[in-house]
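Starting from 1, each residue takes its place in the sequence as its number. Quick note: numbers below take in every heavy atom, side chains included, and nothing from hydrogens, waters or symmetry partners. Bear in mind that the values here come from a model prediction, so they are computed numbers and not experimental data.
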Amino acid sequence: MSADNSADLSVTVGDGVALLEMRRPPANHFDELLIGRLVDAAAGLDDDPVCRVIVLASQGKHFCAGADFGGGDFARDQVAAAERLYRRAAALFDVRTPIIAAVQGTAVGGGLGLACVADFRVAEPSTRFVANFARLGFHQGFGLSVTLPEVVGRQAAADMLLTGRRIGGEEAVRIGLADRLAEPGRLRETAFELAARVAASAPLAVRSIRATLRGDLPARVRRALDHELAEQKIHWATRDSAEGIEASLQRRTPEFLGE
């Protein structure tokens, strides 16, 4: 078993499975730095003959709450921060190793986008998946325009994106957003059980089959990211977006005016 640790990301490899663990609890907000570290770590694991599967997990109460609009780069300049973030995030879709996301608590906004990078998602009954962009007053991002409808279908994706409602673990399994429903307290064990089954298959065949199923997904995501950012630039200049973000930070219901 080998390990590589930084302040906000740890990498542990053993028995054919690598654990990538984000360490920014409780919400595990990401930025360009963390996404870049995820990209570099995953790309390195592609060339590790010991690693056959990646389990993506996080410390704390929630899997990932996306970008922090109340602080850091996004608070200073949303557009510039998003441009840098998406440029790095696009490379996650080039990773050749199968990825399983162990999703506890909430995967919201860009955190949902990160979960949808994975080939499989493991949830608990208490897990919540939320595409809250319209409730923040702007267009979805992180490639969800492609990945979400591909995983759950166009109608279920439209339901999530236009209403911003929370999808619990059991419903997530019903609509295909989650692939396994773990018993409470057994999230990681269930994710590693699935990883072990994938790791037991022939690794060359696994990568080839995965590449065939994904097709031109990385190229489609890159085109979507360009479109998403162009739409977000427009929306971030509106009063509705300012209201949505402020209401979220204040934990109140937004009042949108269509302005």
Side-chain angles (χ1 to χ4, degrees), residues 30 35 38-39 42 54 56 62-67 82-83 85-103 106-123 127-181 191 194 209-236 240-241 244:
F30 59 56
I35 292 298
L38 281 171
V39 167
I54 295 170
L56 176 62
H62 300 293
F63 174 74
C64 181
E83 286 177 336
L85 175 68
Y86 289 169
R87 188 163 52 246
R88 289 295 272 152
L92 287 171
F93 294 89
D94 297 323
V95 174
R96 304 190 306 276
T97 306
I99 301 173
I100 298 168
V103 185
T106 302
V108 59
L112 174 63
L114 182 58
C116 285
V117 171
D119 300 271
F120 303 101
R121 282 151 296 282
V122 178
T127 300
R128 296 292 181 266
F129 298 90
V130 191
N132 66 332
F133 301 91
R135 300 297 295 169
L136 295 175
F138 59 87
H139 193 283
Q140 70 271 10
F142 216 95
L144 279 166
S145 304
V146 170
T147 57
L148 190 58
E150 186 152 300
V151 169
V152 303
R154 187 175 69 177
Q155 288 305 110
D159 182 359
M160 292 183 67
L161 288 166
L162 298 182
T163 68
R165 71 182 182 90
R166 298 185 172 206
I167 304 294
E170 293 180 356
E171 183 178 1
V173 171
R174 288 199 303 273
I175 68 175
L177 185 54
D179 303 278
R180 299 287 190 277
L181 187 66
L194 176 56
I209 291 167
R210 180 180 185 265
T212 298
L213 291 174
R214 288 163 67 86
D216 64 345
L217 177 65
R220 288 187 288 126
V221 167
R222 282 181 166 85
R223 291 194 295 269
L225 286 168
D226 288 340
H227 172 74
E228 289 169 349
L229 181 58
E231 293 297 306
Q232 288 177 338
K233 286 180 180 179
I234 296 170
H235 296 154
W236 283 333
D240 274 356
S241 178

Next item on the list: Supply the atom-to-atom distance I99 CD1 to F120 CZ, rounded to the nearest 0.5 angstrom.
Entry: 11.5 Å

Item checked: Min side-chain heavy-atom separation L92-V221 under 4.5 Å -> no

Item checked: Spacing of D226 atom CG and E83 atom CD [to the nearest 0.5 Å] -> 10.0 Å

Checklist line | Nearest non-hydrogen partners of E171 and R165, listed with the distance | finding: OE2-NH2, 2.7 Å

Notebook entry, point to check: Would you find more than 12 non-hydrogen atoms of other residues, nucleotides or ligands less than 6.0 Å from R166 atom CZ?
Noted result: no

Notebook entry, point to check: What closest approach, in Å, do P149 and L144 show between heavy atoms, and which atom pair accounts for it?
Noted result: CD-O, 3.2 Å

Check: Which heavy atom in T97 sits nearest to a heavy atom in D119, and how many Å separate them?
Finding: O-OD2, 4.4 Å

Notebook entry, point to check: Would a 4.5 Å heavy-atom cut-off, applied to side chains only, mark F93 and R214 as touching?
Noted result: yes

Item checked: Reported CG-to-CG distance for the pair N132 and L112, which is rounded to 0.5 angstrom -> 9.0 Å

Notebook entry, point to check: Closest approach of V152 and G176, non-hydrogen atoms and distance?
Noted result: CG1-C, 4.4 Å

Margin query: Measuring only between side-chain heavy atoms, which start at C-beta, is F63 closer than 4.5 Å to L56?
Written below: yes

Notebook entry, point to check: Hey, does C116 have a side-chain heavy atom less than 4.5 Å from the side chain of L177?
Noted result: yes

Checklist line | Shortest non-hydrogen separation from F133 to G141 and the atoms involved | finding: CE2-N, 3.6 Å

Notebook entry, point to check: Is there a side-chain contact between F142 and T147, using heavy atoms and a 4.5 Å cut-off?
Noted result: no

Check: Closest approach of A65 and V108, non-hydrogen atoms and distance?
Finding: CA-CG1, 3.3 Å

